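Everything below concerns the one structure shown next.
We count ligands from 1, going down the list as the structure has it; atoms in each ligand are counted the same way. The structure displayed is predicted, hence computed values, not measured ones.
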Amino acid sequence: MSVTEQPAPQPGQGPAGDADGDAAAAQLRDRISADSLTTRRDYLRIVATVSGGLAIGGVGVAAGILHRHGDSEHLPEPKKVTDALAPGQSVAFRFPGDEDRALAVRLADGSLVGYSAVCTHLACAVLWREDRGSEGELYCPCHEGVFDARTGEVTAGPPPRPLPRIFLTERADGSVWAIATARSGETAKDALCRQFGDSRPEAARRLGCPGTAGATESRRT
Ligand code: FES
């Protein structure tokens with residue numbers, strides 16, 4: 001019953017009617033306080049769940065329990081990222097798995113770069129900010145982490161490692177494809193050699209991966 005539903009005092013009701021009205025108003029205040037408490041409790045529970053999930057994700061990544069970008073020893077299937085990407089623009093995608101958040105960016109000079117969009121600090125989502133720095137930057141809003149757009153190196157904030165690279169290629173029709181991943185700080189050659197493994201011996205040989213005929217020949221010449 002709301003205040004507006006309280007029965008109006010009847011003529012002659014006098015002090016007794018006032019007492020009833022006061023009691024109803026007191027009940028109403030109690031109910032509103034109880035509702036506020038419930039809402040506040042729910043809010044705190046939601047906040048705790050979200051921040052708890054975030055912390056567990058970050059600790060899991062740090063402890064190596066959850067998998068990280070580039071952990072696979074096998075070359076992933078190439079995946080189309082977008083039909084086209086203009087300078088200064090970025091596009092979010094998933095690679096190599098459907099759960100792996102990633103970002104592709106076309107820098108102002110036309111270079112294509114790709115990174116895991118999972119911050120190396122506590123696994124928040126990394127965003128592209130075109131209007132920052134000399135050529136844009138990758139930014140994590142959780143604790144103000146900043147990564148260099150061209151290299152993925154940490155330039156500010158608490159992230160302990162660079163963003164893992166995702167190797168992109170552009171086809172003649174302008175479409176952008178993701179083809180491989182690297183671990184944080186791993187060179188492109190080491191990453192590709194690791195993932196080519198036995199499945200692409202010709203490509204591994206051309207890259208001069210250790211243990212391939214090409215690597216032996218290139219050492220001889
Ligand atoms: S999670 Fe990115 S800076 Fe902390």
Side-chain angles (χ1 to χ4, degrees), residues 40-73 76 79-82 85-109 111-168 176-188 190-192 194-195:
R40 184 172 154 73
R41 254 187 249 117
D42 284 348
Y43 171 73
L44 290 175
R45 184 165 51 77
I46 290 165
V47 169
T49 305
V50 170
S51 51
L54 180 65
I56 288 165
V59 170
V61 167
I65 298 165
L66 304 177
H67 102 139
R68 281 191 276 237
H69 265 98
D71 275 358
S72 169
E73 296 299 325
K79 184 173 186 178
K80 189 177 190 179
V81 173
T82 180
L85 195 57
Q89 299 298 300
S90 75
V91 62
F93 62 106
R94 305 275 172 148
F95 187 80
D98 291 341
E99 303 296 318
D100 300 317
R101 286 171 280 148
L103 266 182
V105 179
R106 172 90 71 186
L107 299 178
D109 70 356
S111 310
L112 265 179
V113 290
Y115 299 100
S116 161
V118 180
C119 181
T120 56
H121 182 217
L122 290 176
C124 283
V126 172
L127 310 170
W128 166 240
R129 299 207 296 192
E130 182 192 0
D131 57 347
R132 299 301 172 101
S134 57
E135 52 183 1
E137 67 183 20
L138 296 147
Y139 170 70
C140 177
C142 284
H143 311 97
E144 306 282 318
V146 181
F147 302 87
D148 185 280
R150 192 169 288 276
T151 64
E153 295 287 336
V154 181
T155 58
R161 294 181 304 280
L163 287 175
R165 292 293 292 256
I166 293 180
F167 300 108
L168 304 174
V176 175
W177 293 69
I179 55 170
T181 61
R183 293 172 177 154
S184 181
E186 190 177 37
T187 67
D190 286 350
L192 292 173
R194 174 172 55 78
Q195 290 170 90

Can Cys142 and Cys124 be said to form a disulfide bond (SG atoms under 2.5 Å apart), step by step?
-> CA-CA 6 Å; Cys142 284; Cys124 283; 1.9 Å; yes
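Listed by number with element, the atoms of ligand 1 under 4.0 angstrom from any heavy atom of Leu122 are 1 (S). The contact set between ligand 1 and Cys140, taken as ligand atoms under 4.0 Å from a residue heavy atom, comprises 1 (S), 2 (Fe), 3 (S).
Geometry about atom 4 (Fe) of ligand 1 gives an angle of 100° between ND1 of His143 and ND1 of His121, rounded in steps of 10 degrees.
Coordination check, Cys124 versus atom 2 (Fe) of ligand 1: failed, since every N/O/S atom of the residue sits at 2.8 Å or beyond.
Panel note: side chain Ser116, backbone Leu163; no donor-acceptor pair is recorded below 3.5 Å.
Of all non-hydrogen atoms in Ala125 and Pro141, the two that sit nearest each other are O-CD, 3.5 Å.
The residues Lys79 and Asp100 are annotated as not salt-bridged, no charged nitrogen and carboxylate oxygen being separated by less than 4.0 angstrom.
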